[in-house]
Each structure stands twice: as C-alpha cells, then as structure tokens.
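Working notes for the structure below.
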Amino acid sequence: MEMGSQICVRNVTHFYTNRYTRETVLALKDVSFEVDQGEFVCIIGPSGCGKSTLLYLIAGLMKPTMGEIRVDDRPVTGPGPDRGMVFQEFAILPWRTVWRNISHGLEIQGVPREKRDEIVRRYIQLIGLEGFENKYPYELSGGMKQRVALARTLACNPKVVLMDEPFAALDVQTRITLRNELLKLSLQLSNTILFVTHSVDEAALLGDRVIVMTKRPGQVKEIVQNPIPRRERNERTLEDPAFIRYRNHLFQSVRAEVQTAEYEELVQRS
Ligand SMILES: Nc1ncnc2c1ncn2[C@@H]1O[C@H](COP(=O)(O)OP(=O)(O)OP(=O)(O)O)[C@@H](O)[C@H]1O
Ligand SMILES: [Mg+2]
C-alpha cells in the first residue's frame with residue numbers, strides 16, 4: 001500500500017447467496033483501487049453493478065467473499081466511527097429537531113455539551129440552515145433534509161465519508177444546488193469522500209478522480225483523473241473545454257457498459 005492512501009480495496013469479489021434457494025449472484029469481481037487521504041472520489045456505473053455493495057463492504061456492514069479492504073492500513077472488520085455513511089433515503093430521526101439530529105452522533109460519542117454545541121452551530125452554518133435549528137424533519141424540504149443528513153454525518157468528523165446517491169431522491173434543481181454546495185463545502189473538509197452516483201455530471205464536477213465500473217459483475221473499468229483541480233472547480237467549469245472532454249469521456253465509458261448490459265439482456269430473453 002502506498003503512503004497516504006486511506007482506503008485500500010484489494011482484489012475484492014463479492015457473491016450474494018439466497019438463503020433459501022442457495023442461488024448466488026456475483027456482484028463484484030476482483031475490484032482493486034486506493035483512495036488517498038482527503039481525496040474526493042466518485043464511483044459511477046450501470047444500475048446493479050455493485051456500487052452500493054462496495055460501499056457497504058467498506059462501511060463494514062458486510063464481509064467481502066474474497067479479497068481485502070483496509071482503512072488507515074487496518075483491515076475492516078465491522079462498522080466504526082472512522083467511517084460515516086450518507087444514504088439515498090434521508091437518514092434523519094423524525095422525532096428530533098434539526099439541531100438535535102446533527103448533535104445525535106456527538107451525544108453518542110459523549111462529546112461534552114459545550115463542545116457539541118460549538119460543532120453543531122458550525123455545521124448548521126455550513127449547510128445554510130440557520131433559523132431552522134428547532135424545526136422537525138417534517139417541516140423541511142427534501143433538499144433541507146438531505147443537508148441535515150450530510151451535516152449529521154460530518155459533525156462526527158469521520159475520516160472517511162461514504163455517500164450512496166445522496167441526492168437521488170431530489171428534484172433536478174435542488175440536486176444541482178446541493179451538488180454545488182457540496183463542492184464548496186468540500187474545500188473546507190479534510191475528510192476522505194467516496195461518492196456513488198448515477199449522474200455523470202455530478203461525478204465529473206465533484207470527484208478529484210472517478211472510478212468507472214463495468215456492468216455486473218462490477219469490475220473497475222477505468223479510473224480517470226479530473227483535469228481541473230478541486231479548488232478551481234465551480235459552475236463555470238462546466239464550459240471549460242478540457243472539462244467537457246473529460247465529462248464526455250466518462251459519459252461514453254458508462255454508456256458503453258449500459259448498452260452491452262441491455263443488449264445481453266435482450267439476447268437472453270429471445
Ligand atoms: N441482499 C442482496 N441479496 C442478493 N442479491 C443482492 C443483494 N443486494 C444486491 N444484490 C445484487 O447484487 C448486485 C449489485 O447490487 P448493488 O445494489 O450493489 O448495485 P448498485 O450498483 O448499487 O445498483 P443501483 O445503481 O441500482 O443502486 C445486483 O445484481 C443486485 O441484484
Ligand atoms: Mg445502489
């Protein structure tokens with residue numbers, strides 16, 4: 001393992017086995033990659049190629065059938081506070097206010113009240129929800145709820161943040177707003193971020209690198225470096241010729257996988 005790499009996925013293969021029929025599904029096949037400390041890496045690939053599976057394995061919610069996952073040079077054996085996860089569905093507690101949702105993880109960790117309040121205040125400000133501290137989730141829009149979910153995870157300051165399509169349930173406009181907010185916010189974060197998305201645009205703009213996966217069984221098809229450094233990326237980047245080439249490359253790469261998947265399904269059916 002190279003110095004500085006924080007997540008190391010080495011030759012990971014994962015099968016799911018149906019408990020009753022004993023049928024197996026090969027979800028991931030020989031996946032290897034490394035993510036450096038503080039890096040923002042996006043993962044894209046066709047539906048069902050094993051992206052969520054990969055995040056669950058890194059989170060330690062499941063054990064890979066074969067291969068090894070290390071975080072900070074230690075093998076992952078289960079979930080831990082060094083890894084925080086943000087899911088597609090809003091994962092916030094409906095009976096707690098915005099403030100108390102964000103402070104929840106810190107309460108569990110036993111962070112003293114004063115320190116906790118200071119951290120929560122900072123994240124409320126970072127996600128732009130000042131004035132909504134005492135609102136309950138049902139009083140918030142989808143975008144606001146997802147901001148709270150993000151702040152809730154970040155407040156515990158995990159070394160690694162795992163995000164599984166965190167913006168997928170939002171309307172297009174809100175999704176673009178949150179994407180841009182996350183890009184800005186990421187400049188102030190030192191956490192390592194692994195972000196799964198269906199959206200090539202999201203991946204291209206947010207990721208310092210993008211991992212493109214093949215159709216199932218998911219393998220790493222290629223890993224592409226963003227030509228624009230994160231601190232220089234913003235809305236205007238979308239018109240930068242180098243960025244457009246990069247984005248189009250990613251788009252073609254994923255599309256080729258989706259098309260072979262659809263073609264094979266057609267052949268199998270006929
Ligand atoms: N609990 C499970 N039991 C059996 N098979 C599963 C289970 N979870 C996922 N799979 C299968 O594993 C494969 C990968 O699933 P996964 O959810 O990781 O894909 P994904 O890339 O996240 O897809 P999407 O983009 O649609 O979210 C799929 O073929 C899926 O049917
Ligand atoms: Mg998924």
Side-chain angles (χ1 to χ4, degrees), residues 7 9-33 35 40-69 76 78-79 83-91 142 146 149-150 153 160-170 172 175 178-179 182 193-204 206-207 209-224 250-269:
I7 306 173
V9 175
R10 185 63 47 86
N11 305 116
V12 165
T13 292
H14 194 75
F15 290 97
Y16 286 103
T17 305
N18 184 295
R19 182 169 354 165
Y20 306 105
T21 64
R22 307 306 297 170
E23 263 178 319
T24 58
V25 175
L26 179 55
L28 294 171
K29 190 176 159 190
D30 198 22
V31 171
S32 298
F33 63 87
V35 180
F40 195 140
V41 172
C42 292
I43 301 176
I44 52 177
S47 183
C49 76
K51 302 180 294 297
S52 297
T53 302
L54 189 56
L55 285 201
Y56 297 153
L57 293 172
I58 297 169
L61 300 171
M62 311 187 296
K63 248 176 77 78
T65 313
M66 284 181 262
E68 191 190 30
I69 297 174
V76 167
R83 283 152 292 140
M85 193 138 175
V86 184
F87 296 94
Q88 170 173 347
E89 299 302 328
F90 314 120
Q146 203 51 295
L150 187 63
T153 300
V160 174
V161 183
L162 304 167
M163 299 201 223
D164 192 2
E165 308 229 30
F167 305 151
L170 305 173
V172 179
R175 189 169 179 157
L178 257 74
R179 176 190 78 193
L182 179 61
I193 302 175
L194 204 50
F195 183 103
V196 164
T197 176
H198 266 105
S199 161
V200 171
D201 288 326
E202 227 163 69
L206 290 172
R209 286 189 297 155
V210 174
I211 299 175
V212 182
M213 294 186 60
T214 66
K215 65 181 167 54
R216 192 179 66 80
Q219 291 171 279
V220 174
K221 182 179 187 185
E222 58 175 341
I223 301 180
V224 198
L250 293 174
F251 184 77
Q252 299 297 350
S253 189
V254 178
R255 194 174 67 167
E257 293 304 314
V258 174
Q259 280 173 341
T260 41
E262 281 169 357
Y263 175 75
E264 281 169 15
E265 197 174 319
L266 245 151
V267 171
Q268 273 170 15
R269 275 204 207 138

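Order of listing sets the numbers, starting from 1, for every ligand and every atom in it.
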Check Leu26 against Phe15 and note the closest heavy-atom contact, atom names and distance. CD1-CE2, 3.8 Å
Which residue owns the protein heavy atom closest to [atom], what's the atom, and how far is it?
atom: atom 26 (O) of ligand 1; result: Ser47 OG, 2.5 Å
atom: atom 31 (O) of ligand 1; result: Val25 CG1, 4.9 Å
atom: atom 14 (C) of ligand 1; result: Gly48 O, 3.3 Å
atom: atom 2 (C) of ligand 1; result: Tyr16 CD2, 3.5 Å
atom: atom 25 (O) of ligand 1; result: Lys51 NZ, 2.7 Å

Are the side chains of [Y] and [X] in contact, using a 4.5 Å heavy-atom criterion?
X: Asn18; Y: Tyr16; result: no
X: Lys221; Y: Val254; result: no
X: Met213; Y: Leu28; result: yes
X: Arg22; Y: Thr17; result: yes

Residue from Leu182, Leu194, Leu206, Leu55 passing side-chain contact (heavy atoms from CB on, under 4.5 Å) with Met163: Leu182
What do you reckon, does Cys49 have a nitrogen or oxygen under 3.5 Å from a nitrogen or oxygen of ligand 1? yes
Within-cut-off N or O pair, Gly50 and ligand 1, under 3.5 Å: yes
His198 and ligand 1 - part of the residue with a heavy-atom distance under 4.0 Å: side chain
Short N/O/S contact of Ser47 with the Mg ion (ligand 2) (below 2.8 Å): no
Any protein heavy-atom neighbour for atom 28 (C) of ligand 1 (distance below 4.0 angstrom)? yes
Atom 18 (O) of ligand 1: any protein heavy atom closer than 4.0 Å: yes
For the pair Glu202 and Arg175, evaluate salt bridge (charged side-chain N to carboxylate O under 4.0 Å, His left out) and give the outcome as yes or no after the intermediate values. CA-CA 9 Å; Glu202 227 163 69; Arg175 189 169 179 157; 2.6 Å; yes
Per atom 22 (O) of ligand 1, closest listed option by heavy atom (Pro46, Gly45, Ser52): Ser52
Looking at CG of Leu250 and CD1 of Ile44, how far apart are the two atoms once the value is rounded to the nearest 0.5 Å? 5.0 Å
With side-chain contact (heavy atoms from CB on, under 4.5 Å) as the test, would you mind laying out the steps for Glu68 and Asn11 before giving the verdict? CA-CA 7 Å; Glu68 191 190 30; Asn11 305 116; over 6 Å; no
If you count the atoms of ligand 1 from 1 in the order shown, which ones are under 4.0 Å from a heavy atom of Thr53? 14 (C), 15 (O), 16 (P), 18 (O)
What atoms of ligand 1 come closer than 4.0 angstrom to any heavy atom of Arg216? 13 (C), 28 (C), 29 (O)
